[in-house]
Amino acid sequence: MTKNTGTYDSTHIQILKGIEAVRRRPAMYIGDSNINGLHHLVQEVVDNSIDEFMAGYGDRIRVTIHENNSVTVEDRGRGIPVDFHKGEGKSALEIVLTVLHAGGKFDGQTYKVSGGLHGVGLSVVNALSRWLEVQILRDGNRYTQRYERGVPVTEITVAESKTKNSGTIVSFLPDSDIFETTVFSLERITARLKEIAYLNPGLTVEICDERGSEKKQSFSFSGGIKDFIKFLDKTKSPLHQTIFFSTVQDNVTMEAAFEYNKTYNETVFSFANNIHTKEGGTHLTGFRQALTRVINDYAKKENFLKPVKDLDSLSGEDVREGLTAVVSVKIPQPQFEGQTKTKLGNSEIKGLMASFIGEALTRYFEENPGEASVVVSKVVDAARGRLAARKARELVRRKGALMSDALPGKLADCSEEDPGKSELFIVEGDSAGGSAKQGRDRHFQAILPLRGKILNVEKARLDKILSNDAIKTVVAAMGTSIGIEEFDISKIRYKKIIIMADADIDGAHIKTLLLTFFFRHAKAVIESGYLYIAQPPLYGVKFKGSKEIIYLFSDEELKRIQESDKTLTGVQRYKGLGEMNPEQLWETTMNPEKRVMKNVSIDVAEDAEEIFSILMGDDVEPRREFIEKNAMKVRNLDI
Ligand code: 0RA
């Protein structure tokens with residue numbers, strides 16, 4: 001045992017203070033004490049294992065979720081050192097597991113995830129666990145030690161190891177005194193592990209879920225981020241072979257893979273030291289800069305622009321259309337910035353990336369003129385669309401169709417002029433529109449009945465979108481105009497825009513198409529919190545002996561009432577809004593005193609992981625479903 005020296009005493013107190021600080025304010029270290037923070041723990045341990053892989057040790061990481069929601073992370077790295085530190089009066093292992101920010105292996109030479117964004121250190125995982133057991137295989141021995149709530153409760157025990165392998169096995173049970181939930185999401189852990197496997201060819205990552213019937217999966221992608229691109233574009237049609245470049249310069253590893261597909265949207269993921277940089281950063285900026293420049297240079301040199309009237313150069317916007325790209329860098333000292341600390345800040349990376357991609361792509365185009373022509377043609381096509389959209393917009397604007405001073409004829413406007421007090425109901429179909437017009441409070445409620453198909457904007461470019469009547473009338477009624485440069489949220493005429501559709505499949509489809517439109521072309525309406533979905537009732541019922549209609553909004557509500565003792569005399573199912581008379585529609589769905597509406601919001605920051613996992617999930621796309629279920633987090637608001 002240790003001698004009770006002064007140093008030992010003071011470090012000991014220091015350490016207990018550290019553990020206490022982490023337990024008192026877990027959010028400071030892992031973001032929150034909810035589901036996100038919970039998964040952060042796994043991430044932290046796995047990051048340490050990846051660091052070993054990146055340093056050249058161990059090609060296999062296995063994560064197991066046990067029946068009781070404890071987790072084991074196993075790697076074949078060097079194993080955490082166990083040697084005794086005289087000065088500190090304890091083992092290296094204990095230091096790594098109890099001292100905040102004591103990774104112990106950072107020498108500025110090797111890449112490291114831990115110590116970066118997520119790198120709060122194993123000591124934080126330990127402090128927030130009811131118990132943690134660590135096994136280390138090293139020097140032909142197996143070392144074990146157990147901790148409870150961050151404090152060692154056993155000495156290190158040593159036994160002869162049965163294998164020659166080295167490695168670390170960390171098992172822990174998150175403390176339910178700390179976390180609001182301690183149930184792990186297999187989906188979420190799997191998505192992250194899969195991502196790690198794409199970013200580290202040569203590494204095999206296994207996930208095993210022992211809860212319920214055992215589920216096992218293993219990921220290993222020899223093609224690295226090229227395989228990632230194939231996966232992302234699984235349901236899209238690529239126009240050419242995936243282009244891939246990689247290099248190591250000044251101890252910085254840079255990789256980029258990309259291709260163009262037939263869609264009009266961009267899908268770009270960037271990573272720094274395996275961390276998904278959702279806010280982008282210098283690596284992505286450098287990549288985009290080079291891509292735009294090289295494509296422009298080639299287009300000019302090979303006379304791709306000449307045939308297009310009014311086209312002087314290709315814009316960054318043009319280059320993005322139909323692009324799927326993954327950019328990954330590994331650097332010794334990453335700096336993470338931004339609101340969610342997911343933006344790479346290292347300024348030197350921008351230039352490094354831009355010149356690397358610039359040179360590599362220039363050479364690639366020279367050597368593969370066929371491919372170059374496909375890429376450049378796609379971008380020129382996007383530019384043509386952009387110019388056409390501008391013309392279409394000018395044309396429509398001249399006709400006044402997008403302007404608020406020429407409101408669409410179908411709109412029954414309100415008399416209120418203050419947008420903050422005005423509501424716009426977008427109503428499916430003419431008959432429901434009629435009911436809504438009669439039922440509304442015309443003082444502050446405007447009704448826009450939609451006729452005809454709403455275009456799926458996912459499959460169309462702005463010029464085509466602008467020729468769709470339904471969309472044109474919505475834009476005109478809102479008063480905001482449309483298009484990247486033209487859209488102006490400050491011109492909005494109603495600060496509540498309410499989609500009101502039938503509670504059936506057709507209604508859901510219409511809702512989705514409208515949501516897609518807002519998501520892609522009027523995002524600020526959602527971000528400002530102006531977009532709502534009306535909730536019309538599904539049933540109207542009467543109790544025996546009463547004339548009053550009680551409105552029910554779900555099948556569960558009906559079931560609950562049917563199972564209670566009360567006798568129902570009439571149950572009416574409303575198949576559509578049109579079946580309700582104007583008074584009923586007002587009472588149930590439009591009257592601000594009584595209605596329940598859903599406010600549409602996009603919780604990208606909080607749920608990006610989940611959205612990412614859906615995008616990455618095996619049944620990729622259909623984007624319709626993605627947007628319906630995931631991109632929009634619809635929360636209930638009683639208004
Ligand atoms: C400190 C130093 C060294 C490795 C590690 C920690 C380490 C930590 C974890 C956590 C999970 N798996 C891990 N594997 C290794 C370097 C060891 C050396 O230089 O021999």
Side-chain angles (χ1 to χ4, degrees), residues 15 22 29-30 39-65 70-85 87-88 90-129 131-147 150 152 156 158 161 163-174 189 192-193 196-197 200 202-207 273-275 332-333:
I15 284 165
V22 175
Y29 300 85
I30 53 166
H39 286 82
H40 214 126
L41 301 184
V42 182
Q43 168 100 39
E44 182 60 39
V45 185
V46 170
D47 283 351
N48 278 276
S49 301
I50 301 170
D51 286 347
E52 283 297 289
F53 169 78
M54 288 200 287
Y57 305 94
D59 58 0
R60 193 167 292 266
I61 298 172
R62 181 190 291 149
V63 177
T64 308
I65 311 170
S70 65
V71 165
T72 297
V73 179
E74 262 177 277
D75 67 50
R76 296 192 183 173
R78 285 165 292 185
I80 306 173
V82 290
D83 49 302
F84 196 79
H85 279 226
E88 314 243 9
K90 54 178 63 85
S91 66
L93 173 62
E94 201 172 318
I95 293 167
V96 168
L97 283 176
T98 59
V99 179
L100 296 184
H101 299 294
K105 56 174 172 170
F106 184 53
D107 52 13
Q109 294 306 307
T110 47
Y111 310 128
K112 232 165 96 56
V113 186
S114 52
L117 167 69
H118 301 284
V120 286
L122 286 182
S123 57
V124 169
V125 179
N126 196 12
L128 299 176
S129 294
W131 55 259
L132 179 145
E133 280 179 9
V134 58
Q135 291 181 53
I136 291 142
L137 303 177
R138 222 182 138 100
D139 323 317
N141 289 325
R142 177 184 292 265
Y143 305 89
T144 38
Q145 190 172 28
R146 181 179 165 97
Y147 293 76
I156 299 179
V158 190
S161 169
T163 78
K164 279 203 212 82
N165 292 337
S166 62
T168 305
I169 304 168
V170 179
S171 301
F172 63 97
L173 179 72
I189 294 177
R192 173 69 185 139
L193 292 179
I196 286 164
N200 297 282
L203 177 68
T204 300
V205 189
E206 298 167 347
I207 169 81
N273 290 19
N274 293 314
I275 289 163
Q333 276 169 303

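For ligands, and for the atoms within them, numbers begin at 1 and follow the listed sequence. The model shown is predicted, which means the values in this text are computed figures rather than measured ones. As a basis for the values below, the full set of heavy atoms in this structure was taken, side chains included, without hydrogen atoms, waters or symmetry mates. One-based numbering along the sequence shown.
- Near N48, the atoms of ligand 1 lying under 4.0 angstrom from a non-hydrogen atom of the residue are 9 (C), 10 (C), 11 (C).
- Inspection of the T72 and S171 side chains reveals an N or O donor paired with an N or O acceptor under 3.5 Å.
- Between S123 atom OG and I95 atom CD1 the span is 11.5 Å, to the nearest 0.5 Å.
- Using modelled atom types and a 3.5 Å distance limit, the side chains of Q145 and Y143 yield no donor-acceptor pair.
- When heavy-atom distances to ligand 1 are checked against a 4.0 Å cut-off, P81 comes that close only through its side chain, counted from C-beta outward.
- Between I80 and ligand 1 there is a heavy-atom distance shorter than 4.0 Å.
- Listed by number with element, the atoms of ligand 1 under 4.0 Å from a non-hydrogen atom of L122 are 10 (C).
- Checked by distance only, ligand 1 and D75 come closer than 3.5 Å through their nitrogen or oxygen atoms.
- Contacts of T204 classified as side chain to side chain contact (heavy atoms under 4.5 Å, CB included), with partners at least two apart in sequence or in another chain: R60, E206, S218, S220.
- Around atom 20 (O) of ligand 1, the closest heavy atom drawn from R138, R76, E74 belongs to R138.
- Remark: the D47 side chain and the Q43 side chain contain an N/O donor-acceptor pair separated by less than 3.5 Å.
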